[in-house]
Amino acid sequence: MSETAFYTKDLSVFYGEKQAIKNISMDFPSREVIALIGPSGCGKSTFLRSLNRMNDVIAGARVEGEIWINGRDINDKGTDVVRLRQKIGMVWQKPNPFHKSIYENIAFGPRYHGVRKKSELDEIVENSLRKTALWDEVKDRLHGSALALSGGQQQRLCIARSVAVQPSILLMDEPASALDPVSTAKVEELIAELKRDYCIVIVTHNMYQAARVSDKTGFFLMGDLVEYDETQKIFTNPSHRSTDDYISGRFG
Amino acid sequence: MSETAFYTKDLSVFYGEKQAIKNISMDFPSREVIALIGPSGCGKSTFLRSLNRMNDVIAGARVEGEIWINGRDINDKGTDVVRLRQKIGMVWQKPNPFHKSIYENIAFGPRYHGVRKKSELDEIVENSLRKTALWDEVKDRLHGSALALSGGQQQRLCIARSVAVQPSILLMDEPASALDPVSTAKVEELIAELKRDYCIVIVTHNMYQAARVSDKTGFFLMGDLVEYDETQKIFTNPSHRSTDDYISGRFG
Amino acid sequence: MNSPVKRENAAADRVSHFPKHIREEWVGRVYVYACVALLVVTIFSIVWFIASKGLTPFVSGAIRIQDLLTGRVWKPEGEPPLFGALPFLAGSAYVSFIAAAIAAPFGFCAAVFMTQIAPKVGRRVLQPAIELLAGIPSVVYGFVGLSVIVPFLRDTFPGQGFGILAGSLVLSIMILPTVTSIATDALSTLPAGLKEGSFALGATRWQTIYRLILPTTLPSLLTGIVLGISRAFGEALAVQMVIGNAPHVPTSLLQSAATLTSIITLEMGNTVGGSLHNNTLWSLALILLVMTFLFVFIVRLLERRAKR
Amino acid sequence: ACGKNNNEGAASGSPSASDSAPASSASGEALSGTILAAGSTALQPLVEQVSTKFMADSKYSGISVTVQGGGSGGGLTQVQGGQADIGNSDIFAEEKFKDADADKAKELVDHQVAVVAIAPVANPNVGVDNLTKQQLVDIFSGKVTNWKDVGGADQKIVIVNRPSSSGTRKTFENLALGGPSQDLPGSIQEDSSGTVKKLVGETPGAIGYLALSYLDNTVKALKYEGVDASVENITTGKYPVWAYEHMYTKGEPTPVVKAFLDYLMSDEIQKSDVTDMGYIPVGDMKVARDVNGTVSNK
Amino acid sequence: MKPKITDRIATGVIIGIAGIIMAILAGLIVYLLYRGLSHISWHFLTSPPQSFKVGGGIGPQLFNSLYLLVLTMIITVPLGVGAGIYMSEYAKANKLTGFIRLVVEVLSSFPSIVIGLFGLLVFVNLFHMKYSLAAGALALTVFNLPLMVRITEQALRGVPREQKEAGLALGLSKWKTIQSIMLPMAFPAIMTGTILAAGRVFGEAAALLFTAGMTTPKLDFTNWNPADPHSPLNPFRPAETLAVHIWKINSEGRAPDAPEIAAGASAVLIIIVLLFNFGARMLGRAIYRKFTATK
Ligand SMILES: Nc1ncnc2c1ncn2[C@@H]1O[C@H](COP(=O)(O)OP(=O)(O)OP(=O)(O)O)[C@@H](O)[C@H]1O
Ligand SMILES: Nc1ncnc2c1ncn2[C@@H]1O[C@H](COP(=O)(O)OP(=O)(O)OP(=O)(O)O)[C@@H](O)[C@H]1O
Ligand SMILES: [Mg+2]
Ligand SMILES: [Mg+2]
Ligand SMILES: O=P([O-])([O-])[O-]
């Protein structure tokens, strides 16, 4: 087995009284793609969001348990959340480019993190766009609005934006579910490409997608991690009845 | 083939400038279940809602084309929309019980349509709840708030509420997608049960569900009806490439 | 001189105790907290200053609270001076309640029109119109009241036109936007699908509104009405211009009356600071303040009800 | 006692001051400074107008005068508290600062700058042009409610009052009615003389009272006890309902303030602006009145 | 059939009432313009009022209103935006926040005359500002602040959560995210709201009677030194605004053409309020288009 990028221990998330995630311990190897599947409302997004402490943003959300990255528990009080998030990129279901130019969308992060020189920034922008296979499509309109791009392009731009600040982990919440077949294929290719450098955690409701892109798959049900194993095992020979029920579409 | 409950001819729906549904002609046989599938945003809900003119409620929505039920085009100016909707029940993805008691939720419709006698109403309530397999679960708290029921129960209550006004067509928009496995199974059973009396049109994103419950399936893509055929045919041997791509999970 | 330092911070991760982003965070924090602190200080000083002025007549023993609240005679320059504020309390209560009684059905109907009947026309025409009504300054309402409503009432009914009715009519237009906008919010934020559920059963629009929407949104509608009353209660100039200002408990809608605000406007400038008369006017201001708290309290109660 | 001294000071100062003040300032360099006069709205227009002229005068170009309204009470409070240099008032400070505050009045120095008479006014259609004191008392106490009972048309009487804190009302009550009146149910009360004039003019059967400076032909000024409120009758004391317009300073005025007050008392101003605006110059009065209301010949 | 008839009737009544409201508004505006427009001229808009003669204008009052508005906004906007940011981004769900919400709510419910009286006590007397633009601007700030807070809070809440999260996820500090991602997106809404609030401030009179005063000294419009007592810019001079002027003219006005002046000034006021309203809408739309770069 490869080295571990990070792992959680007894992670629970509450929304007010309600427990959305129940004592989940899970470890994520570097340079692999981990898919999280499960029916709507089972807590996939909640779990994903707790990994970069994005749940801090939600009023009433409370996280318990530990998340160890680089020998530190990020739920510790002393954690520098801002620094942490720089190391963990995130991509959402709905593409959410900033209302700025394509160039600015990507340069924004690096510039904030101290890159001042125009030439350096230019380079980062180009590299990020190349990595996400967008460069050829947008190189002529780098200073045009990012909102003028198609949905699929916007989503890849958002991935490029994350990549530009050099994270080591990428969290993706249904990154292709709002995209057309062609864009979906491109994003999936991109994931395969990026996993050479990053640990990628992807939430998806498309089981074929999970099977295609991931190395390991976790099945969630009502806040519990029912099963977590090699993707191939999960899809061919799951250990739990409910996993089987779900992947064979008996509910959800 | 069985008799036709209703059919559409060149039906288009616009939201402002944008055309969400493009010239769809489709016929719906009585006493059958017709599933509508397709990726998010392809117009399934929009199409369904135009069948009982529920799009009237949405500002900016405009419907063109014909929908023939019982020898009349319901898009005709003269149509009595109220009467029409009584004949076409509707169930939504998110259960939407009224903020009233269980009893009142079901009695609301019949009472409004002229049933005054307490005994008659009682009977309708009981029958509707029995039909939806809710009776045993709620008979002791008929006058408690409907909002205290679980999601699955609420959904079945909404179906019971529709059934209580004796429609001939039932429209269901992802009726089980927010439900747990057990409730999903119950709703699917219910659909199989109800199709003895009604023509049921169901939107679902769960292809197994479509395969399980429906007799015919229509595949939508970006406002077009790509393919419409016997369910078995669609799932085993679709005529179109994109149908195949979709049901084999290559996107969506 | 800043940029090299920053660069260094970015590079030497954990060395500096105050990396740029933490400093930044503090700047933001200090700024917003200061703004909020100022808000709190403001409100406390309002209460403190008005209360300390308004309580002097009672503390000094010159007037008893119950006499002020229940006294029917306002004769501050008499021998002995009499300070009965009941006429103003009654006047304020009458005008604001009647105004609300007129505005409530109008507001509800306008809200129904905008959300249920013709949302497009509503958004394009009625909504802006109502916002405009809210934007018209109260002196302009007073001016129109004085030059249209008062002469109209004078010519149509017995009396001089000035009085509770004139005040209420002017106020009802002024609070219509408040009532309407809250009703509109309540109607448009109804739980998704509620209305459709009813339509799908074949209920008519009116049935849906009357049997489903009205009961479900009632607490919110009441909130709007209370807010309207609250606004009417505190309105000064428009009312003062048309109500007639006689310090008597009104016995008819067409009789000149006075409100708390109108008597303050009228007499504050003519009395010397520190005199009993002047201090008693501050007591009236204090009553206005207390009423504000009361209204806010009621609104909160209703809102809590609406949430359930 | 103090009040009396002040009166005399102001009255006697007026004729001579006009030339002494500029003389004193001419001896040194030109005066400069600011003056804030606040208070009576009745007096405000006059002071404003005069201050404009004053500042336009090259002799006083270094002085800037600001005039504020706010009501007599406010003016007295502000001058007493030191926020204003001059407190304009329609009534004696002693009438406002009473009881516990009586001492405050003693610190103020009175400068009477004009006289204003107040006349009962009625809607032109009431059919009456003279009222006796008793008739007025009956009307304002609600004993008489129809004009026909005082010899006019058969019409309901509508009283348009000023608020009880008004200087105009106080003067009218004291000098025309002989004592405080009540606020009757159904009477209208208006903040300012302008509104009173407007209402009396518009409202059938209305009666009120106004300073002469407000009069015009939309309302009818009534004779009081058969006496017309003419300049002649007022200066001789035949028409009793009149009052001084006061400008109070706290202690003796500073040179700058004194220059302005002297300018206001100068013949040039008293004979033109003061009379033009419907006031009567103090110097024209052949009678004087003290704070207790005692009238004496000068 | 019966429910349908009820429905028809009810619908008719509701439409009727909507019509009545429109008619009231139209009537108001038409009346005000009809009475006032004929009196509006360049001279009327620029010359000072006359106490006793015909032909007075509203120049200084108009200037005062605008200047006071500017002063008020200079104070209110930074404070209101700051507190609004607190409300939407920093307030935790605890008692303190509940209390601050209550404060804002109460503050916005205070009658404006009470705020005016507070200004009289504190700004005019205690701080020795006398009746002045500064005192008026502070009173109006108190009056306007809660509204500004609410506008900002709502505008920020209108920013999609994903935008904020995208900023945070890039490792931006919270403040930076607010400053350079959320505020720009909220800007059109804040702008629109601010202009509407400005309209409200422009027409406010009750809070000014006892703070900015009811008089205007003679102004020298060639003197732009804010320290000079005759300079229109001096913030420590008293200033009668247009709204206060209307109120005063309606009661005190002794000029023979007082009714016309009142009507003319009301028309001017209403025209400006209309301009604020339409301006806010149009500007909001334009800015929105610019920011979302939908060219
Ligand atoms: N902000 C919130 N406040 C309260 N409850 C929430 C909140 N967000 C999510 N929940 C609840 O927590 C549970 C888990 O939600 P979550 O969004 O993580 O599910 P999910 O698996 O991502 O679903 P989906 O596939 O629909 O995105 C759900 O029951 C949801 O209702
Ligand atoms: N009220 C509306 N106004 C404008 N556009 C709308 C509206 N409702 C839906 N649309 C658009 O119309 C298209 C079809 O939407 P529809 O809701 O019918 O899709 P769907 O197939 O039901 O998707 P889903 O599976 O997500 O429910 C979408 O692009 C959507 O953005
Ligand atoms: Mg999710
Ligand atoms: Mg849908
Ligand atoms: O001059 P007044 O005191 O009556 O306003």
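Just so it is clear, the values below take in all heavy atoms, side chains as well, and ignore hydrogens, waters and symmetry mates. Residue numbers begin at 1 in each chain, while the letters A, B, ... track the order of the sequences. Small disclaimer: the values here were computed from a predicted structure and weren't measured.
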Q. For the residue pair D:F172 and D:F140, is the inter-centroid distance of their aromatic rings smaller than 6.0 Å?
A. yes
(Q) What I'd like to find out is whether the side chain of C:T271 reaches to under 4.5 Å of the side chain of C:L281, using heavy atoms alone. (A) yes
Q: With rounding to the nearest 0.5 Å, note down the distance linking CG in D:L136 to CD1 in D:I139.
A: 6.0 Å
(Q) Please classify the contact between D:S181 and chain C as side chain, backbone, both or neither, with a heavy-atom cut-off of under 4.5 Å. (A) backbone
**Q.** side chain to side chain donor-acceptor pair (under 3.5 Å), paired with D:Q80, selected from D:E107, D:K250, D:K96
**A.** D:E107
Q. Which residue out of D:G179, D:G39, D:G73 racks up the most heavy-atom pairs below 4.5 Å with chain C?
A. D:G73
Q) Is the shortest heavy-atom distance from the side chain of C:P250 to the side chain of C:Y94 under 4.5 Å? A) yes
(Q) Need one label for C:L276: side chain, backbone, both or neither, based on atoms under 4.5 Å from any heavy atom in chain D. (A) neither
Q. For chain D, which residues of residues 136-157 of chain C have at least one non-hydrogen atom nearer than 4.5 Å to it?
A. C:L146, C:R154
**Q.** Heavy-atom check, side chain of D:Y279 versus side chain of D:V113, under 4.5 Å
**A.** no
Q: Indicate whether any N or O donor in one side chain lies under 3.5 Å from an N or O acceptor in the other, for D:N161 and D:S187.
A: no
**Q.** Part of D:P180 lying under 4.5 Å from any heavy atom of chain C
**A.** neither
Q.
Check this for me: does any side-chain nitrogen of one of C:K75 and D:D183 sit under 4.0 Å from a carboxylate oxygen of the other?
A. no
Q: Counting only heavy atoms closer than 4.5 Å, note whether C:S252 contacts chain D via side chain, backbone, both or neither.
A: neither
Q.
Using the rule given for ring pair (Phe, Tyr, Trp, His ring centres under 6.0 Å), can you reason through D:Y248 versus D:H111, listing the C-alpha separation, both sets of side-chain angles and the distance that settles it, and then say yes or no?
A. CA-CA 6 Å; D:Y248 281 98; D:H111 309 270; 7.9 Å; no
Q: Go through the atoms of D:Q78 and report whether side chain, backbone, both or neither lie under 4.5 Å from a heavy atom of chain C.
A: neither
(Q) So for D:L199, is it side chain, backbone, both, or neither that comes closer than 4.5 Å to the heavy atoms of chain C? (A) side chain
